[in-house]
Amino acid sequence: METGEGADGPGGPGLCCASFNQDSTSLAVGTKTGYRLFSVTSVDKLDCIHESTETPDVYIVERLFSSSLVVVVSQSMPRRMNVYHFKKGTEICNYSYSNNILAVRLNRQRLVVCLEESIYIHNIKDMKLLKTLLNTPSNPSGLCALSINHSNSFLAYPGSDTIGEIIVYDANNLSTMTMIPAHDSPLAAITFSASGTKLASASERGTVIRVFSIPEGLRLFEFRRGMKRYVNISSLSFSPDAQFLCASSNTETVHIFKLEQHTPSWSAYVGKMFTAASSYLPAQVSGMMSQDRAFATVRLQMAGQKNVCALATIQKLPRLLVASSDGQLFIYNIDPQDGVFTGKRDGGAKKGEVIPEHEFAAGPVCLDDETEFPPINWCRDGSGRGKGRRP
């Protein structure tokens with residue numbers, strides 16, 4: 001993404017939203033004038049693979065993997081979802097809903113639309129509405145997560161607006177799976193691992209991040225982000241192998257946690273220590289002692305910005321990606337053993353270095369969407385009055 005110095009680029013003051021696709025190979029940016037899609041497969045340059053100025057004030061833009069299917073929602077019509085095939089330059093269909101659209105999630109099996117008090121589940125192959133979850137707890141931020149593994153199309157959303165309950169729903173079989181009592185305060189962020197077998201969550205306090213097994217809902221890990229202050233965690237993301245978890249917030253730091261079980265000897269030692277201490281330590285203190293700290297921490301060049309983070313493999317090396325609301329994309333190299341962030345490696349960006357604007361290049365559209373995604377032929381709008389269009 002551009003460095004935020006010009007109003008004409010996606011990094012200018014016209015930026016409305018930014019999101020990575022399901023495997024973090026693409027970055028979508030919504031602006032006052034439209035939206036742009038970038039390829040994130042190299043640390044040397046950021047190629048713009050598509051740009052549209054037909055729809056202004058885009059505040060939701062989601063791309064399905066590396067296909068040409070993109071979902072767009074505009075502030076001018078916040079109740080309508082438009083689905084495009086950008087390679088063909090055609091609108092596939094549009095759906096209208098009873099209230100403003102707050103979030104859209106995709107995998108190769110389902111498309112989920114989240115409103116403040118309801119959730120709509122579509123079959124992505126023909127956009128047929130399969131299920132409407134009505135009267136869900138008030139969710140003004142549109143918080144929800146959908147597993148990218150279409151064999152495990154698990155949907156997670158808040159089960160309460162006062163405490164951190166998580167409802168896990170099977171979007172393939174259209175049935176509720178479990179409820180996880182994750183936090184004492186309301187949820188702020190949730191995400192699935194790539195396989196859909198792990199779910200991470202954070203509350204509005206932002207001090208503790210927990211990881212649960214899916215579908216059982218058993219707590220696997222508990223990490224402490226910090227103790228000195230509450231923060232607004234805006235993004236959680238697993239690495240592709242689910243060995244690491246990153247968390248970004250409105251502070252200047254991004255934390256990476258390592259999901260590893262301690263050796264039996266270490267666990268036995270720690271267990272004995274906590275058992276002995278529990279008789280005289282307050283429960284809150286003993287609980288904090290049992291929480292793991294960050295494996296690595298990145299200090300950004302700014303604070304107070306909403307960030308979206310992702311862990312990805314780029315040019316065969318693990319990287320941390322951080323897209324900020326002021327239009328900057330940071331790429332960090334990761335040492336998975338030592339947790340340190342190195343300098344340049346195979347042309348990688350230095351710690352905290354923004355990709356220079358002069359390295360941006362408009363690349364050709366080379367997408368394997370015909371093999372990755374079956375083309376949509378027809379669909380209807382949410383009211384049942386056909387507004388679908390053939391591509």
Side-chain angles (χ1 to χ4, degrees), residues 1-6 9-20 24 26-31 38 40 42-46 141 188-189 191 200 202 204-209 223-239 244-258 293-314 317-336 338-345 347-360:
M1 207 185 320
E2 297 183 34
T3 56
E5 295 179 357
L15 184 70
C16 299
C17 67
S19 64
F20 294 103
S24 301
S26 176
L27 176 66
V29 176
T31 70
F38 296 91
V40 189
S42 170
V43 297
D44 298 318
K45 58 184 177 180
L46 194 63
S141 63
T191 190
E204 290 181 349
R205 293 183 177 180
T207 55
V208 175
I209 296 168
F223 303 105
R224 176 156 289 275
R225 196 213 60 84
M227 292 184 293
K228 294 183 179 179
R229 55 179 173 174
Y230 291 167
V231 301
N232 297 320
I233 292 181
S234 56
S235 176
L236 292 171
S237 179
F238 285 95
S239 61
F244 297 90
L245 175 69
C246 64
S248 65
S249 65
N250 59 333
T251 69
E252 70 282 359
T253 55
V254 177
H255 297 267
I256 299 178
F257 305 94
K258 193 171 186 179
R293 301 304 298 272
F295 166 74
T297 301
V298 174
R299 185 170 295 273
L300 304 175
Q301 297 176 350
M302 74 291 181
Q305 300 282 350
K306 183 178 179 180
N307 302 310
V308 179
C309 62
L311 292 168
T313 300
I314 302 177
L317 292 174
R319 319 279 186 174
L320 169 67
L321 309 176
V322 183
S324 66
S325 59
D326 65 347
Q328 299 186 84
L329 174 64
F330 298 87
I331 299 179
Y332 297 87
N333 299 325
I334 303 174
D335 187 327
D338 299 328
V340 298
F341 295 80
T342 62
K344 284 200 173 184
R345 183 196 298 172
K350 292 182 180 178
K351 177 179 178 181
E353 182 182 11
V354 181
I355 298 177
E357 185 174 354
H358 68 268
E359 293 185 359
F360 289 19

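Keep in mind that what you see is a predicted model, and the values were worked out from it rather than measured. All residue numbers refer to positions in the sequence shown, counting from 1.
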Kindly give the heavy-atom pair with the smallest separation between [X] and [Y], and that separation in Å.
X    : Y    : result
T251 : S249 : OG1-OG, 2.9 Å
A202 : L236 : N-CD1, 3.9 Å
V308 : F20  : O-CE1, 3.5 Å
S24  : L321 : O-CD1, 4.1 Å
I209 : A247 : CD1-CB, 3.6 Å

Side-chain heavy-atom pair [X], [Y] within 4.5 angstrom cut-off:
X    : Y    : value
R319 : L317 : yes
C246 : L320 : yes
D326 : L15  : no

Taking atom CG of L27 and atom OG of S19, what is their separation to the nearest 0.5 Å? 7.0 Å

Can you measure from OG1 (T253) to CG (L300) and round to the nearest 0.5 angstrom?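 Here the interatomic distance stands at 7.5 Å.
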
May I ask you to decide if N232's main-chain N or O and N250's side chain share a donor-acceptor pair within less than 3.5 Å?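 Present.
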
Backbone N or O of L311 within a donor-acceptor pair of the S239 side chain at under 3.5 Å?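 No, the answer is negative, given that no donor and acceptor are paired below the 3.5 Å cut-off.
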
Quick one: which of F238, F295, F257 gives a ring-ring contact (aromatic ring centres under 6.0 Å, His included) with F244?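 Running ring-ring contact (aromatic ring centres under 6.0 Å, His included) over F238, F295, F257 with F244 returns exactly one hit, F295.
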
Contacts of S26 meeting side-chain hydrogen bond (donor to acceptor under 3.5 Å, both in side chains) (sequence neighbours excluded), chain-then-number -> R63

Test side-chain hydrogen bond (donor to acceptor under 3.5 Å, both in side chains) applied to S248 - qualifying residues, sequence neighbours left out: none

For V322, run the side-chain contact (heavy atoms from CB on, under 4.5 Å) check against I331, L329, N307 and tell me which one passes. N307

